[in-house]
Every structure is written in C-alpha cells, then in structure tokens.
Protein chains: 2
Amino acid sequence: MPRPSEPTRARIVQAASALFYNEGIRRVSVDEVAAKAGLTKRTLYYHFKSKDDLVAAYLAARDQPNLALFRTWFAEAEGGLPAKVEAIFRNLARSARHPKWKGCGFLRTSAELANMPGHPAIRIGAAHKKKFEDWLRAIFAEQGIADPLKLARQILLLLDGSFAVVQLHRDASYMETAGEAARTLIETALKKPGRKRG
Amino acid sequence: MPRPSEPTRARIVQAASALFYNEGIRRVSVDEVAAKAGLTKRTLYYHFKSKDDLVAAYLAARDQPNLALFRTWFAEAEGGLPAKVEAIFRNLARSARHPKWKGCGFLRTSAELANMPGHPAIRIGAAHKKKFEDWLRAIFAEQGIADPLKLARQILLLLDGSFAVVQLHRDASYMETAGEAARTLIETALKKPGRKRG
DNA sequence: TTGTGTATATTCACTGGTTAGTATACATAC
DNA sequence: GTATGTATACTAACCAGTGAATATACACAA
C-alpha cells in the first residue's frame, strides 16, 4: 500500500479544501482534516511539513480549476466581448446562490492571514488573481482596446468586490450588478479612440 | 473611581480596535486586549460578556468615523460628481499606502467569521456597507440619475473590490484604477436618458 | 522461490503552549 | 451597606507539532 502516496496526499488536500473553505483556516484543526481524510494527524504530517504547507496546497489545488471555469464560461457565452464577460458574472451569481457558497477561498484566506505577508498561501492567492487579470488583459489587447491592462484590472476589481459584498450580504444579485458595470466599462473602452482594430 | 465606567470601556474598545485590526480577530487573545488596555482580563469580562461582544463593539466603533471620512473626502473635493467620488478613491489610495494599512476592518472580520452568519459583528459590517451604499444612492438620486441604487452598488463593488485587491497585492494603485472606473460609470449614467434634471 | 534490506507509509501516545471564560475575594464611592 | 468595579488565580479545552515504533511493498541476492 505505501507505494503510491499520491492518492493519499490528494485525499488530504480534498478533505482540507472542504473544511478550510467552509469553516476558515484557523477554525479547522489539523486533527479535523486528518479525521476527514480517514487517517491520523501524524500521517498528515508525513505528507505536509506544517499546517501552513497544507493551506498552501489547498489554494494551489483550487488555482487551475477556478481559472478553467472562468475560461469555459467566457468561451461558451453567446454574443460579443461585453456579453461574454458579463456571462462570467451571471454564472458566478448562480454559483453564489448555492447554500454552500462562502465567497472566494483565495480572498478569504488572504484576509485571515493579513498580517503574514510572506505566507505562501498569500503568494498563491495573489498569483491566482494575477493570472485572471492577465488572461483578461490578453483578450482585451487582442480586441485592440487602448489600455487593456487598466480595463482588466477594473473587471478584476468588480469581480473581487462582488465576492466580498455578496458574501457579506448573502445577496447574489450584486454579482449581476457587477456584471452590468463590467459591460458598461468594456463598451466604453470599445468606443474610445486609440484602438488598433475594429 | 468605579462610577464613570465609560472611559474604561472606551479604552478597552480602543485597545481591541488596534489589535483586532492589525492582527485579526482570532490571532488576538482577550488577555492581549486587556493588557493593552492596562487592566486584567477579569475586568474586561465585567464590561463585555464575551469576546464576540467585544468584536462587535470594535466594529461598531469604526462605523460612524469611517462614514464621516468618506463624507468629508467627498465634500471637500473640487469638481463635479464624478470627480468628487473619484476623490474618495484617491484619498483611500493615500491611506492604503501607509505601512499600517491592512484593508477594510469590516470585510476582514466578515471573512474571518464567514461561517457564522448570525454573528453580531457580521450584521454590523453589513449595516455599515448598506449605510455607505444608501448615502451614495441619495446623492445620485438628487442628481437625477436614472437608477441611483444600481450606480451606488456599482461604486460599492469597486470600493470593496479595491480593498480586497490592494490588500492582496499590496499595491495601492488599484485604488486609483477603481476610482477611474467609478468615474466612467458615473459619467455614463449622467449621459443616459431618464434623468430628472440636468 | 525464498530471504533480506530499505525507502515509503502509517499509527499511538505525548508535549508544550495557548486561550476563553470563571470562582472568589477585595476595593471604592455614594 | 450596597452598587460598581478591579484583581488574583484557576479550569477545562484545544491544538500544532514530535518521538518512537511499526507495517508494507519492492529490489535484489541466494
């Protein structure tokens, strides 16, 4: 049984993800994660050198799937650029209406660890947001928008703002409001001079 | 000495504010707060029935001063409506560049307590954001904007988004980017039909 | 086929430290 | 002498991380 090791590690990360996302990092003990994964704490510490390490793994595991979701929602949406971006917010609103939704795991973790700037989990969260920003920036640049980075950042601000506000008020309609704002900003940018192609 | 009681309570809230804001709720013990306030934990528990109670008092104490700051920044700014709202973001960027800045205390607390929806601190945070939203809505309504609530919510989304993003990346320039987005959204709304007066 | 060494994987039981909250007694002011 | 306020010293629980021992699988040799 020892040999594989990867399935065990993956099971631990899966258990940690569910608990950390639902309850928060500091409210969940390593023992609880181990119990949920069906093994003892000592075994968990064989696979991860510390709780911080486990937290980092939890966020790292969310990175690519999260971005892939955004890309899928964008790609599958009908209509032009504004509609495709707005579709991301509409899909997010649908997710947020699920009772188990608890906001953005990256932002919540970073908020919980706000006084530990060098923490690996915060670096992972920051990198995740940068990847999203960069993906949008490339799309906007391709469309010939004059300042694609600025527009990408404004969309990111609306996205993260809606995570925070929806979580606080438990009212997913803010996500659709954010989508409308995103549409307005993109349409304005498309009309501006300085574009490379129509 | 016993009689007054209010100054002692205020001193405790002040100590709690400094510690909770800088370090986070769960990282700070009641003993630390008491020590910072210059008294013992037992005395603190005479004035507050629990730590949760103290957390609620910490946020309640930030409510009015925070809103007053926004109102001041808005009132003292030169120019029209878009410029006055943008001034809030510029002033916030200046605050965020201070090394002790750690984001929005309301949002960070709500993120830390994300699984306790009935927690008094979360209700206080939600009410605070609603007050800000309502203040903006009234201003926009007075200016004859067609959908003042929607625009107020979009500005709120940008504001809270910038809190989250600036905290994560430690890059206050996002706040100015949010201010530009706010300006764009307001200018667009001002140009839209359906306005009551010019 | 059988024995043996080694890296991998897992467990039990423990330590040392922290923390929210309390029992009890004492002090001050009116 | 009673309300209010403060301090000392405690409890009971929790929790991150570790020491020492054990079990399994596989490589390789006999």
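Within every chain, numbering begins at 1; the chains are lettered A, B, ... in the order of the sequence lines, protein sequences first and strands thereafter.
A sub-4.0 Å separation between OP1 or OP2 of D:dT6 and a side-chain N or O of B:His47 is present. OP1 or OP2 of D:dT6 sits under 4.0 Å from a side-chain N or O of B:Thr8. Between B:Thr43 and D:dA7 there is a side-chain polar atom (N or O) within less than 4.0 angstrom of OP1 or OP2. Residue A:Tyr46 has no polar side-chain atom (N or O) positioned under 4.0 Å from OP1 or OP2 of C:dT10.
Residues satisfying the side chain to side chain contact (heavy atoms under 4.5 Å, CB included) criterion with B:Leu69, sequence neighbours excluded, are B:Trp73. B:Lys100 pairs by the side chain to side chain contact (heavy atoms under 4.5 Å, CB included) definition with B:Asn22, B:His98, not counting sequence neighbours.
Within the 3.5 Å criterion, the main-chain N or O of B:Gly103 finds a donor-acceptor partner in the side chain of B:Tyr21. Here the side chain of A:Arg108 pairs a donor or acceptor atom with the backbone of A:Lys102 at under 3.5 angstrom.
Of the two residues contacting DNA chain D, namely A:Asp52 and B:Leu39, the nearest-nucleotide position lying further toward the 5' end is that of B:Leu39.
Partner assigned to C:dT22 is D:dA9, using Watson-Crick or G-U wobble distances below 3.5 angstrom. D:dA27 is paired with C:dT4 under the criterion used here, namely a Watson-Crick or G-U wobble arrangement in which both key atom distances are under 3.5 Å.
Atom CG in A:Leu54 sits roughly 12 Å away from atom C1' in D:dA16 (whole-Å rounding). Distance CD1 (B:Ile12) to C1' (D:dT6): 11 Å, rounded to an integer number of Å. As rounded to whole Å, 13 Å separates atom P of C:dT22 from atom CG of B:Leu44.
The aromatic rings of A:Trp135 and A:Phe74 sit perpendicular, their planes meeting at an angle over 60°, well past the 30° parallel limit.
Note that OG of A:Ser110 and NE2 of A:His128 are 12.0 Å apart. Values are rounded to the nearest 0.5 Å.
The base of D:dG19 is paired with the side chain of A:Arg42 by a donor and an acceptor separated by under 3.5 Å.
Judged by distance alone, the side chains of A:Asp171 and A:Ser173 do bring a donor and an acceptor atom under 3.5 Å apart.
Of the candidates C:dT22, C:dT11, D:dA16, D:dA16 carries the atom nearest the A:Tyr45 side chain, counting heavy atoms from C-beta on. Distance from the side chain of B:Lys41 is smallest to C:dG21 among D:dG19, D:dT6, C:dG21.
A heavy-atom distance below 4.0 Å to DNA chain C is reached by none of the residues of residues 23-38 of chain A.
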